[in-house]
Number of protein chains: 2
Amino acid sequence: MQSAERRTTLADVAAEAGVSVALVSIVMRGAPGAGAATRERVLEVARRLGYQPDSRARLLRSGRSRLLGVVFDVRHPFHHDLLTGLYDAAGKAGYQLTLSAVTPRRGERTAIGDLLQDRCEALVLFGGQLRASELASIAARLPVVAMMRAARRRDVDVVHNDDALGSHQAVDHLVGLGHRRIAHVDGGQWHGSAERRAGYQEAMRRHGLAEHIRVVSGGAGEEDGARAAERLLVDPPTAVTVFNDLSATGLLDVLRRHGLSVPGDISVVGYDDTGLSRLAHIDLTTVGQDIDTMAAGAIERAVARIEGTPAGPREMVVPPRLMVRGTTGAPRPAAGASRQP
Amino acid sequence: MQSAERRTTLADVAAEAGVSVALVSIVMRGAPGAGAATRERVLEVARRLGYQPDSRARLLRSGRSRLLGVVFDVRHPFHHDLLTGLYDAAGKAGYQLTLSAVTPRRGERTAIGDLLQDRCEALVLFGGQLRASELASIAARLPVVAMMRAARRRDVDVVHNDDALGSHQAVDHLVGLGHRRIAHVDGGQWHGSAERRAGYQEAMRRHGLAEHIRVVSGGAGEEDGARAAERLLVDPPTAVTVFNDLSATGLLDVLRRHGLSVPGDISVVGYDDTGLSRLAHIDLTTVGQDIDTMAAGAIERAVARIEGTPAGPREMVVPPRLMVRGTTGAPRPAAGASRQP
DNA sequence: CTGAAAGCGCTAACAA
DNA sequence: TTGTTAGCGCTTTCAG
């Protein structure tokens with residue numbers, strides 16, 4: 001199989017079928033304007049010759065690419081689920097996706113550069129660390145939708161989870177179970193951390209538990225949760241809400257190693273509903289982001305900008321949903337204490 | 001920002017810089033044949049106008065795309081690591097990657113179809129369920145490299161882990177620790193399961209432990225490992241090698257719930273060295289696949305086929321490497337025996 | 001060193 | 001219903 005074999009083109013099919021290339025083009029893309037018999041014959045020839053349309057030539061000519069560029073990070077557990085939803089939504093809207101990955105050795109800038117060269121009509125960015133000014137200069141050239149990113153700018157659409165609401169749900173659940181001394185392990189500098197922390201504090205105040213507010217600094221990793229647990233152990237609360245699932249598993253581990261039972265002695269709530277939280281022996285109660293809605297929202301925003309239709313609000317906030325599993329339960333009746341609200 | 005703003009093209013840059021498009025083309029791709037001064041000026045203008053080359057037009061004209069299509073599955077934990085290595089290797093070989101994802105609602109055929117339209121020069125397929133005949137018909141049109149797939153065919157290059165060797169490493173490690181009664185939980189119908197099982201059996205025989213061979217049927221999921229553990233508990237061996245990490249965690253969980261200590265009472269070895277196995281509270285000894293070597297190998301095979309260079313062997317088998325962590329240790333001296341540690 | 005001209009494979013007007 | 005004619009933005013001879 002030498003590469004000498006030129007690929008079959010429209011012209012080849014046209015010649016073989018004895019018609020013009022224009023007609024074959026019409027038939028190939030199912031456009032109206034071709035006789036049933038001819039159509040049939042052309043299709044047959046195309047199949048026989050193994051004709052494959054050349055998307056580049058096609059897009060080049062038709063001016064538009066109907067391509068949506070997506071930048072995702074191979075390391076992020078979330079991004080893959082998001083891709084699933086994005087493909088669905090894009091397909092429905094009549095757009096195609098082209099993917100560009102960020103890896104430990106391939107930066108966001110490179111990933112975006114590739115997409116720009118592919119003449120995408122809009123960009124969907126997951127997470128990412130780009131400076132606001134860079135984002136702005138890209139957004140000046142084509143619509144950009146940022147998902148799960150802090151960018152609260154006027155030149156970029158933002159689709160993200162309602163982090164504050166998620167924390168509310170977690171706290172409400174714990175309070176409903178009877179907890180009062182509820183701590184929070186935050187996510188440090190990570191996107192969403194500030195919102196989740198604030199949400200926790202607000203919910204605590206709303207329940208009249210301001211005096212029990214206790215924030216321990218953490219991070220996004222397992223070790224961050226473990227470290228936070230050590231600090232919590234000095235005076236354990238009856239429940240903890242944690243920035244994310246991974247950190248929560250680190251915390252769980254340390255808690256158990258120190259002989260605390262979960263949820264007997266202490267309840268734990270994670271965030272994100274990752275596969276990890278669903279593992280039987282972790283079985284973590286967690287706040288799940290509505291990934292499909294977020295994906296659909298992102299595509300809808302992108303398409304709206306491309307087609308210049310509505311230009312609705314720049315920000316789309318999607319409500320999360322609490323997934324109650326095995327790490328939360330009623331607190332043990334406090335020894336000796338009898339404060340009943 | 002209306003879409004009326006046409007993108008800047010080579011011609012725009014040429015006009016602005018007062019030179020011909022051909023010259024700009026030369027400068028833009030760093031080809032020889034332009035004066036230093038002109039080059040400088042053209043580059044400056046291009047930057048000022050925000051010129052971005054159009055990869056489609058470029059590739060269309062130059063005949064070749066230098067594009068490698070990659071089909072991966074968003075659900076597979078492995079595939080993302082593989083992508084990292086693939087980007088590196090492809091870049092070094094002067095090729096670009098275009099990604100096409102398989103999702104729960106987007107099949108492999110669709111994913112491949114997109115890539116074919118993009119005029120990739122070769123395909124790299126991760127896993128996948130395509131029938132051999134389909135694979136063959138695709139391979140008839142362009143070089144195909146299959147990774148981690150059973151395809152042992154003459155029309156497709158195959159790059160995969162040496163599963164048998166991995167099992168050998170696991171068993172050797174355990175025997176070295178003093179284990180004799182070593183069981184194996186297999187992966188059912190999954191790719192690699194048969195090889196890993198056979199490798200286990202062979203290694204056991206090699207160590208003169210044929211009488212202790214014990215295979216329990218399992219699968220790739222956590223619940224498969226859990227189920228296997230239940231069966232193993234009837235008469236626990238001192239060590240188990242498991243098809244993959246996920247299954248191993250399910251097994252670990254059940255073992256511990258039944259009061260067995262790991263590695264005190266029983267040692268466990270997983271397979272794949274996924275992120276899961278590295279979590280502090282799982283800390284699973286496991287057989288790691290050499291992902292970077294596999295990725296580099298896949299690209300090297302693909303490029304060789306494209307450029308018609310060597311046409312070496314169709315199959316590339318990469319040795320794995322045992323990652324010793326906390327779930328393996330010396331067996332407890334058998335009751336009645338008198339070996340004191 | 002630079003420019004003019006000829007397409008790559010396809011689509012979109014228009015004409016027949 | 002079908003064919004003709006222009007290009008899309010770029011690279012690539014080939015002259016100057």
Side-chain angles (χ1 to χ4, degrees), chain A residues 3-43 45-46 49-67 96 116-121 141, chain B residues 3-43 45-46 49-67 94 96 116-121:
Chain A
S3 56
E5 282 206 48
R6 231 186 65 268
R7 299 187 75 129
T8 31
T9 74
L10 262 197
D12 297 329
V13 178
E16 179 77 12
V19 292
S20 75
V21 280
L23 197 47
V24 179
S25 168
I26 287 174
V27 172
M28 290 318 292
R29 73 205 130 98
T38 330
R39 173 153 292 178
E40 190 83 2
R41 185 157 44 86
V42 169
L43 246 25
V45 173
L49 264 45
Y51 171 72
Q52 275 278 127
D54 184 322
S55 63
R56 285 191 321 259
R58 186 194 292 235
L59 300 177
L60 177 58
R61 171 61 236 216
S62 48
R64 298 196 45 187
S65 70
R66 300 197 75 87
L67 234 45
Q96 251 199 284
L116 255 24
Q117 297 206 169
D118 286 344
R119 287 296 185 264
C120 293
E121 300 188 17
R141 303 165 45 158
Chain B
S3 57
E5 282 207 47
R6 232 187 64 268
R7 299 188 74 129
T8 29
T9 74
L10 260 196
D12 298 329
V13 177
E16 179 78 13
V19 293
S20 75
V21 282
L23 197 48
V24 180
S25 169
I26 288 175
V27 173
M28 290 318 293
R29 71 206 131 96
T38 331
R39 171 153 293 178
E40 189 84 2
R41 188 158 42 88
V42 168
L43 247 24
V45 172
L49 264 45
Y51 171 71
Q52 274 278 127
D54 184 322
S55 64
R56 287 188 323 252
R58 190 196 306 247
L59 301 177
L60 176 58
R61 172 62 234 213
S62 49
R64 298 196 45 187
S65 71
R66 300 196 77 86
L67 235 45
Q96 251 198 285
L116 254 25
Q117 298 205 168
D118 286 345
R119 287 293 186 267
C120 291
E121 299 187 18

Nearest listed nucleotide, side chain of [X], among [options]:
{"X": "B:Asp54", "options": "D:dG9, C:dT11, D:dT2", "answer": "D:dG9"}
{"X": "B:Thr9", "options": "D:dG9, C:dT2, C:dT11", "answer": "D:dG9"}
{"X": "B:Ser20", "options": "C:dG3, D:dG9, C:dG9", "answer": "C:dG3"}

| said: Between B:Ser62 and B:Arg58, is there a side-chain donor-acceptor contact under 3.5 Å, judged purely by atom types and distance? | reply: no
| task | Quick one: label B:Gly63 by what it contacts on the DNA or RNA (base, sugar-phosphate, nothing), any heavy atom closer than 4.0 Å. | result | nothing
| said: Please classify the nucleic acid contact of B:Arg29 as base, sugar-phosphate, or nothing, using heavy-atom distances under 4.0 Å. | reply: base
Would you kindly give the [atom1]-to-[atom2] distance between [X] and [N], to the nearest whole Å?
{"X": "A:Asp12", "N": "C:dC10", "atom1": "CG", "atom2": "C1'", "result": "13 Å"}
{"X": "A:Asp118", "N": "D:dG9", "atom1": "CG", "atom2": "C1'", "result": "14 Å"}
{"X": "A:Met28", "N": "D:dT2", "atom1": "CE", "atom2": "P", "result": "16 Å"}
{"X": "A:Arg56", "N": "D:dG7", "atom1": "CZ", "atom2": "P", "result": "23 Å"}
{"X": "A:Leu116", "N": "D:dG9", "atom1": "CG", "atom2": "P", "result": "16 Å"}
{"X": "B:Arg66", "N": "C:dC8", "atom1": "CZ", "atom2": "P", "result": "21 Å"}
{"X": "A:Ile26", "N": "D:dT2", "atom1": "CD1", "atom2": "C1'", "result": "8 Å"}
{"X": "B:Leu10", "N": "D:dT12", "atom1": "CG", "atom2": "P", "result": "12 Å"}

| task | Sort out for me which residue in A:Val45, A:Leu43, A:Leu10 forms a side chain to side chain contact (heavy atoms under 4.5 Å, CB included) with A:Tyr51. | result | A:Leu10
Write down the protein N/O and nucleotide N/O pairs, taken from nucleotides 14-16 of chain D, whose separation is under 3.5 Å; answer none if there are no such pairs.
none

| A:Val13 and A:Val42: CA distance, side-chain angles, deciding distance, side-chain contact (heavy atoms from CB on, under 4.5 Å) verdict | CA-CA 7 Å; A:Val13 178; A:Val42 169; 4.3 Å; yes
| Any A:Ser25 side-chain nitrogen or oxygen under 4.0 Å from OP1 or OP2 of C:dC10 |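 No, no such contact exists.
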| Below 4.0 Å: OP1/OP2 of C:dT11 and any side-chain N or O of A:Ser62 |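 The answer is no; no side-chain N or O of A:Ser62 sits under 4.0 Å from OP1 or OP2.
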I want to check something: taking the side chain as every heavy atom from C-beta on, are [X] and [Y] in contact at a cut-off of under 4.5 Å?
{"X": "A:Arg39", "Y": "A:Ile26", "result": "yes"}
{"X": "B:Glu16", "Y": "B:Thr8", "result": "no"}
{"X": "B:Thr9", "Y": "B:Asp54", "result": "no"}
{"X": "A:Asp118", "Y": "B:Arg56", "result": "no"}

| Are the charged groups of A:Glu121 and A:Arg66 less than 4.0 angstrom apart, N to O? |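 Not counted as a salt bridge, because no side-chain N and carboxylate O are separated by less than 4.0 Å.
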| said: Does B:Thr38 form a side-chain contact (heavy atoms from CB on, under 4.5 Å) with B:Val27? I'd like the steps, not just the answer. | reply: CA-CA 9 Å; B:Thr38 331; B:Val27 173; 5.8 Å; no
| message | Does A:Leu60 form a side-chain contact (heavy atoms from CB on, under 4.5 Å) with A:Arg119? I'd like the steps, not just the answer. | response | CA-CA 9 Å; A:Leu60 177 58; A:Arg119 287 296 185 264; over 6 Å; no
What pairs of nitrogen or oxygen atoms, one from the protein and one from nucleotides 5-7 of chain C, lie under 3.5 Å apart?
residue, atom, partner, partner atom, Å
C:dG7, N2, B:Arg61, NE, 3.4
C:dG7, N2, B:Arg61, NH1, 3.1
C:dG7, N3, B:Arg61, NH1, 2.7

| Most 5' of B:Leu23 and A:Leu60 on DNA chain C, judged by nearest nucleotide | B:Leu23
